[in-house]
Enquirer: 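Please see the structure below; I have some questions.
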Amino acid sequence: MVHFVGAGPGAPDLITRRGAALLQTADCIIYASSLVNPVLLGLAKAGCAIYNSAEMTLEQVLAVMRQMEAEHKTTVRLHTGDPCLYGAIREQMDALDADGIAYDDTPGVSSFCGAAAALNAEYTLPAVSQTVIITRMEGRTPVPEKEKLASLASHGATMVIFLSIGLIDKVQEALLQGTYTASTPAAVVYKATWPEQKTVRCTVGTLAQSTKQAGITKTALIVVGDFLGRCYARSKLYDPAFTTEYREGTKP
C-alpha cells in the first residue's frame, strides 16, 4: 500500500501522530529532500529504503511504488506541508488507481498556515477580508489565463503567493495592477517553522526591495493584504449582543 503523508513545512513535530507512525513502519520512503526536514527520516526503521524524489521523474517514483507493491511492502510518499497544495499528487494517485494499487492520504500543516503563525496574523479579519487566495506567479510553469496574478489582485483579498520569490519584481508589478496600492501591507516568510525562519514585513511598494535586502531568494512565501494592518472589526462570534446557537445575545 502507498501512504501519501504531509509533514509540517519545517518543524518535525508538526507531523501528525498517524504520519509519524507510518514513517516508523514504512518499508520505503520517497521524500523531497529540498523541502522536507531530514529529521523526519530519523523515524525510519532499519533497512527502510529511502529515495529522494527531487532527483526523480514521475515515472521513476511510480516504478518504485510498483516494485514495493509487488514485494508486498509499504511505501510512504512524504510531502512537505499538505500534499493538496502544489504537491503534484493527483497524477500519482491516478496512476495508482489505474494499477489497482491502494493508497490513502494523511494531511499535514501547510506552510501558509506556518507563515500566519510566524507573523502572529489572522488571514480572515472581520470587515477586512473573508477570502484567502492561494496562488503563484506564472513562471516556467504557466497558470490558467483567468488566474493571472494581476487578475486575482483585483479582488483585494488576502493573498498567499507560493513558488514565486524568485520572480519578486514581477510579483510586485502584478499586485500593483490590482486593487492593492504601494502602501498595502505585505510580508515575506522564509522557511516558515524551520529553525532558520525569517520574516520580512514591508508594503507592496517595497516588496521587491525588502526581499532582496534580506537576501531571500527561495523557499519563501509572500503574503499580501490589509489583514497585516491594525484596523479590523470585532468578531460577531464573541460579541455579547450577538445571538448564537449556544447563547442568547444581550441587548445593549
Enquirer: Got a sec, which pairs hit ring-ring contact (aromatic ring centres under 6.0 Å, His included) with one end in residues 191-220, sequence neighbours left out?
Expert: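 Counting only pairs at least two positions apart or across chains, no ring-ring contact (aromatic ring centres under 6.0 Å, His included) contact touches residues 191-220.
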Enquirer: Is there a donor-acceptor contact under 3.5 Å from the side chain of Ser164 to the main chain of Leu167?
Expert: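 Not at all, since once roles are kept as given, no pair shorter than 3.5 Å links the two residues.
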Enquirer: Taking only residues two or more places apart in sequence, or in another chain, which ones meet Thr141 in a side chain to side chain contact (heavy atoms under 4.5 Å, CB included)?
Expert: Arg136
Enquirer: Test your reading of the model: is there a side-chain donor-acceptor pair from Ser53 to the backbone of Met56, 3.5 Å cut-off?
Expert: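 Not at all, since once roles are kept as given, no pair shorter than 3.5 Å links the two residues.
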Enquirer: Roughly how far, to the nearest 0.5 Å, is CG of Asp105 from NE2 of His79?
Expert: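 Reported to 0.5 Å precision, the distance equals 8.0 Å.
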Enquirer: Would you call His3 and Thr106 a side-chain contact if the rule is heavy atoms closer than 4.5 Å?
Expert: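 They are not in side-chain contact.
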Enquirer: For Ser154 and Thr179, work out which heavy atoms get closest and say how close.
Expert: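 Looking at all heavy atoms of both residues, the closest pair is O-CG2, 3.0 Å.
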Enquirer: What is the minimum heavy-atom distance between Ala192 and Ser111, and which atoms define it?
Expert: CB-O, 4.1 Å
Enquirer: Flag the pair Leu23 / Ile29 as yes when at least one side-chain heavy-atom distance between them is below 4.5 Å, and no otherwise.
Expert: yes
Enquirer: Using the rule that two of Ile, Leu, Val, Met, Phe, Trp, Tyr join whenever any of their side-chain heavy atoms come within less than 4.5 Å, decide whether Val189 and Val200 are in one cluster.
Expert: no
Enquirer: Can any side-chain N or O of Thr131 pair as donor or acceptor with the backbone N or O of Ala157 at less than 3.5 Å?
Expert: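 No; zero donor-acceptor contacts below 3.5 Å.
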Enquirer: List the residues meeting side chain to side chain contact (heavy atoms under 4.5 Å, CB included) with Thr181, not counting sequence neighbours, and say none if there are none.
Expert: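 Scan of Thr181 (side chain to side chain contact (heavy atoms under 4.5 Å, CB included), adjacent residues dropped) gives Ser183, Thr184.
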Enquirer: Out of Leu22, Leu40, Val36, which residue meets the side-chain contact (heavy atoms from CB on, under 4.5 Å) rule with Val5?
Expert: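 Exactly one pass, corresponding to Leu22.
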Enquirer: Specify the closest pair of heavy atoms between Ile168 and Lys212, including all atoms of both residues, with the distance to one decimal.
Expert: CG2-CE, 4.1 Å
Enquirer: How many angstroms lie between atom CG of Leu35 and atom NZ of Lys191, to the nearest 0.5 angstrom?
Expert: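 Rounded to the nearest 0.5 Å, the CG-NZ separation comes out at 8.5 Å.
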Enquirer: For Arg17, is the CZ atom crowded, meaning more than 12 foreign heavy atoms sit under 6.0 Å from it?
Expert: no
Enquirer: Any donor and acceptor pair, going by atom type alone, linking the side chain of Gln130 with main-chain N or O of Leu125 inside 3.5 Å?
Expert: yes
Enquirer: Answer yes or no: is there a donor N or O on one side and an acceptor on the other, between the side chain of Lys198 and the main chain of Ile216, under 3.5 Å?
Expert: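 It does not hold such a pair.
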Enquirer: Got a sec, which residues hit side chain to side chain contact (heavy atoms under 4.5 Å, CB included) with Ala117, two or more places apart in sequence or on another chain?
Expert: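 Partners of Ala117 under the side chain to side chain contact (heavy atoms under 4.5 Å, CB included) test: none.
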Enquirer: Looking at Glu173, I'd like to know if its CD atom is crowded, meaning that more than 12 non-hydrogen atoms belonging to other residues, nucleotides or ligands lie closer than 6.0 Å.
Expert: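 No.
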Enquirer: To the nearest 0.5 angstrom, please state how far the CG atom of Leu152 sits from the CD atom of Gln177.
Expert: 12.0 Å
Enquirer: Which ring-ring contact (aromatic ring centres under 6.0 Å, His included) pairs, counting each pair once, include a residue from residues 164-186, with sequence neighbours left out?
Expert: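 Not a single pair qualifies under ring-ring contact (aromatic ring centres under 6.0 Å, His included).
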Enquirer: So, does Ser110 use its side chain to make a donor-acceptor pair with the main chain of Asp82 at under 3.5 Å?
Expert: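 Between the backbone of Asp82 and the side chain of Ser110 there is no qualifying donor-acceptor contact (under 3.5 Å).
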Enquirer: How far apart are the closest heavy atoms of Ala26 and Cys48, and which atoms are they?
Expert: O-SG, 3.6 Å
Enquirer: Can you run down the salt bridge (Lys or Arg N to Asp or Glu O under 4.0 Å) pairs that involve residues 18-28, sequence neighbours left out, and say none if there aren't any?
Expert: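 For residues 18-28, and leaving out neighbouring residues, the salt bridge (Lys or Arg N to Asp or Glu O under 4.0 Å) pairs sorted by first residue read Arg18-Asp104, Asp27-Lys45.
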Enquirer: For Ile134, which residues count as a side chain to side chain contact (heavy atoms under 4.5 Å, CB included) partner, sequence neighbours excluded?
Expert: Leu85, Tyr86, Phe112, Val132, Val160, Phe162
Enquirer: Which residues pass the ring pair (Phe, Tyr, Trp, His ring centres under 6.0 Å) test with Phe227, sequence neighbours left out?
Expert: Tyr123
Enquirer: Do Ile133 and Val223 belong together in a cluster built from hydrophobic side chains that touch within less than 4.5 Å?
Expert: no
Enquirer: Can you measure from OG (Ser210) to CZ (Arg201) and round to the nearest 0.5 angstrom?
Expert: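 Those atoms lie 12.5 Å apart.
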Enquirer: My understanding is that only residues two or more places apart in sequence, or in another chain, count here; which of them pass side chain to side chain donor-acceptor pair (under 3.5 Å) with Asp94?
Expert: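 Only Arg90 meet the side chain to side chain donor-acceptor pair (under 3.5 Å) criterion with Asp94.
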Enquirer: So, using side chain to side chain donor-acceptor pair (under 3.5 Å) as the criterion, who are the partners of Thr219 when residues are at least two apart?
Expert: none
Enquirer: Between Thr217 and Ile165, what is the shortest heavy-atom contact and its length?
Expert: O-CG2, 3.3 Å
Enquirer: Taking a hydrophobic cluster as the set of Ile, Leu, Val, Met, Phe, Trp and Tyr residues connected by side-chain heavy atoms closer than 4.5 Å, whether directly or through intermediates, do Met137 and Leu207 fall within one such cluster?
Expert: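 Both belong to a single hydrophobic cluster.
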Enquirer: Are Val76 and Met93 linked, directly or through other ILVMFWY residues, by side chains that come within less than 4.5 angstrom of each other?
Expert: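 Hydrophobic grouping puts Val76 apart from Met93.
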Enquirer: Would you find a donor on one side and an acceptor on the other, under 3.5 Å apart, between the side chain of Thr206 and the backbone of Gln209?
Expert: no
Enquirer: Asp226 and Tyr232: side-chain donor and acceptor closer than 3.5 Å?
Expert: no
Enquirer: Sub-3.5 Å donor-acceptor pair from the side chain of Gln172 to the main-chain atoms of Ala208, do we have one?
Expert: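 Yes: the side chain of Gln172 pairs with the backbone of Ala208.
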Enquirer: Could you give all pairs that pass the ring-ring contact (aromatic ring centres under 6.0 Å, His included) test and reach residues 22-77, with sequence neighbours left out?
Expert: none
Enquirer: Please answer whether the main-chain N or O of Leu119 pairs with a side-chain N or O of Thr199 as donor and acceptor at a distance below 3.5 Å.
Expert: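 Here the side-chain-to-backbone pair does not exist.
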Enquirer: Would the distance check show the side chain of Thr193 and the main-chain N or O of Ala11 forming a donor-acceptor pair, the cut-off being under 3.5 Å?
Expert: yes
Enquirer: Would you mind reporting whether Met159 and Leu175 have side-chain heavy atoms less than 4.5 Å apart?
Expert: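 Yes - at least one pair of side-chain heavy atoms lies under 4.5 Å apart.
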Enquirer: Following the transitive rule for hydrophobic clusters with a side-chain heavy-atom cut-off under 4.5 Å over Ile, Leu, Val, Met, Phe, Trp and Tyr, establish whether Leu96 and Ile30 coincide in one cluster.
Expert: yes
Enquirer: Could you measure the distance from the CD atom of Glu147 to the CD atom of Glu138? Nearest 0.5 Å is fine.
Expert: 11.0 Å
Enquirer: Is the closest side-chain heavy-atom distance between Leu149 and Lys170 below 4.5 Å?
Expert: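 No; the side chains remain at least 4.5 Å from each other.
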Enquirer: Can you list, by chain and residue number, the hydrophobic cluster partners of Val143 when the side-chain cut-off is 4.5 Å?
Expert: none
Enquirer: Evaluate the side-chain proximity of Met65 to Glu69: yes if any heavy-atom separation is below 4.5 Å, no if none is.
Expert: no
Enquirer: When you compare the side chain of Ile89 with that of Tyr103, does any pair of heavy atoms fall below 4.5 Å?
Expert: no
Enquirer: I want to check something: taking the side chain as every heavy atom from C-beta on, are Thr124 and Thr158 in contact at a cut-off of under 4.5 Å?
Expert: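 A side-chain contact is absent here, since even the closest heavy-atom pair is not under 4.5 Å.
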Enquirer: Nearest 0.5 Å, what's the CE-OG1 distance between Met1 and Thr74?
Expert: 8.5 Å
Enquirer: Grab the two heavy atoms, one from Leu228 and one from Ala121, that are nearest each other, plus how far apart they are.
Expert: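 Taking Leu228 first and Ala121 second, the nearest heavy atoms are CD2-CB, 4.4 Å.
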Enquirer: For Thr211, run the side-chain contact (heavy atoms from CB on, under 4.5 Å) check against Val171, Val188, Ile222 and tell me which one passes.
Expert: Val188
